[in-house]
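As structure tokens, the structure follows; a few thoughts come after it.
Lettering of chains follows the sequences in order, A, B, ..., and the numbering in each one begins at 1.
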Protein chains: 2
Amino acid sequence: MHESSPENTTIRILLVDDHPLVLEGISARLESEPGIQVIGQASNGQEALALAAEMNPDVVLMDISMPVMNGLEAAEHFHNDQPDVRVLILSMHENREYIVKMIQSGAAGYVLKDVSSDELLRAIQTVYQGGTYFSAGASEALFSEFGHSDQPDKADTGLTKREETVLKLIAEGQVNKEIARTLNISVRTVETHRQNIKQKLNIQTAAGLTKYALEHNLISL
Amino acid sequence: MHESSPENTTIRILLVDDHPLVLEGISARLESEPGIQVIGQASNGQEALALAAEMNPDVVLMDISMPVMNGLEAAEHFHNDQPDVRVLILSMHENREYIVKMIQSGAAGYVLKDVSSDELLRAIQTVYQGGTYFSAGASEALFSEFGHSDQPDKADTGLTKREETVLKLIAEGQVNKEIARTLNISVRTVETHRQNIKQKLNIQTAAGLTKYALEHNLISL
DNA sequence: TGTCGTCTCCGTATTACTACGTAAATGCAT
DNA sequence: ATGCATTTACGTAGTAATACGGAGACGACA
């Protein structure tokens, strides 16, 4: 990882935002902090990637919505091409989808644009040290989903219990004959269930059924 | 939320750990910090809940494994009964299951016991302000599960490029005829690919192929 | 140059699945 | 007890997929 005593080291930051005003504002706030150095600015993801390759920043502080290449794509590229760079997203969107996507794209943190400079500083230090930071709104949005919404909530499929059972077995890759043996019913019955399921879900292929089952948390990988 | 300038406010902390030594050590380290005040100590979850009800701490810094009532249960109780209290878990376990469970129980953060006091301080401030904090090891463990973690790591499948392409289409639910049209090849060719794929992967059904494709991140839901 | 792997295509026979339909037994609710 | 959904099962016909097989074109690499 990085240094063991980060407060003694200067964290080199690349700022990425398509609004010059925002860029300047944040830059000014950060520059006044000891231990923080803004080594570059970019106005879109493409620029950011190029600049980062040159300057090798510790942390990229980046907006999501940008022209040319948005923060999402950029984060992915960073993650693949320059994995040492920690990407901290600075966004106005409190949208769960966004946040989850960002994390999946390899971002190390997500702070909302209404945070105090104090909190922003802390976020930067956190991600710099390898941690993960979500500001209040972000973490609420995030964990209300997978966190403590108790169950992986099996959505209502409109299927009967038996049909769900059959669907699971299909999704797991069993053929009708195996399913019949498993459930101690005839192959014909399995076929009937299979038909009904496909009809109800409007899905044509076995592969599609598996995908459906996974999407709806009937089975897991 | 709380104060807007937290560095001017004293964060009142309740320490919970069943090892007196750990309790003292952390207490000493934290007390030397301005802005932090350890207002109480408890040696198990039950004590912690009782003490917290009296003293109304801002942050509960708590171990997981404890006698009488462990951190998990305690966190749940805090979440339900004293939701204003921010629970920060201090654990030696880097186990994903643990971390996920803690979050589901309403913990606001999870730091490993090997963190620096500097990082611990930052974690405390973060959760105090309503954020979520995971130290490096914790966030790695956490997000390797539900997100993406490091790479979507398209594992080596032993399949050729063409076969992977076909597999993707199969997994998406296309039938051979559609795949043939999509790729501008004959149905027979698709069949051949399909056979080779199944043979290589030792999978019998289309559903199984879909599952495989998902497991190996060839497609996503 | 020659071999190897890949991609392409086809034939034949068999098996699995689909699309329709029918219908009996069961359990649950009104 | 009657009605309704569910689960079970079968018939027939057709389509899709599989299990074998062979084979030509092409590029990479030795």
In whole angstrom, give the distance that lies between atom [atom1] of [X] and atom [atom2] of [N].
X	N	atom1	atom2	result
Glu191(B)	dA23(D)	CD	P	19 Å
Asn184(A)	dT8(D)	CG	P	10 Å
Lys177(A)	dA17(D)	NZ	P	18 Å
Ile185(A)	dC10(D)	CD1	C1'	14 Å
Ile203(B)	dA17(D)	CD1	C1'	16 Å
Gln195(A)	dC10(D)	CD	C1'	12 Å
Glu163(A)	dT8(D)	CD	P	10 Å

With a 4.0 Å cut-off on N to O distance, would you call Glu178(A) and Arg181(A) a salt bridge? no
Could you tell me whether the phosphate oxygens of [N], OP1 or OP2, come under 4.0 Å of any side-chain nitrogen or oxygen in [X]?
X	N	value
Thr189(A)	dA9(D)	yes
His193(A)	dT8(D)	yes
Asn176(B)	dA16(D)	no

The answer to which of Ala206(A) and Leu183(B) contacts DNA chain C further toward the 5' end, by nearest nucleotide, is Leu183(B)
At 4.0 Å (heavy atoms only), tell me whether [X] reaches a base, stays on the sugar-phosphate, or touches nothing.
X	result
Ser186(B)	sugar-phosphate
Thr192(B)	base
Gln204(B)	sugar-phosphate

Within the distance-only criterion (no hydrogens, no angle test), does the side chain of [X] pair as donor or acceptor with the backbone N or O of [Y] below 3.5 angstrom?
X	Y	value
Arg86(B)	Ala108(B)	no
Glu47(A)	Ser43(A)	yes
Arg194(A)	Ala206(A)	no

Quick note, Lys198(B) side chain, CB onward, closest among dT18(D), dA17(D), dA9(D) is dT18(D)
Show the nearest heavy-atom pair for residues Lys211(B) and Thr210(A), with the distance to one decimal. N-CG2, 3.8 Å
First and last nucleotide of DNA chain C touching chain A, 5' to 3', heavy-atom cut-off 4.0 Å? dA16(C) to dC20(C)
Verdict with supporting geometry, Thr160(A) and Asn196(A), side-chain contact (heavy atoms from CB on, under 4.5 Å): CA-CA 10 Å; Thr160(A) 65; Asn196(A) 294 335; over 6 Å; no
Base of dT12(D), side chain of Arg188(A) - is there a donor-acceptor contact under 3.5 Å? yes
Is the shortest heavy-atom distance from the side chain of Val127(A) to the side chain of Gln125(A) under 4.5 Å? no
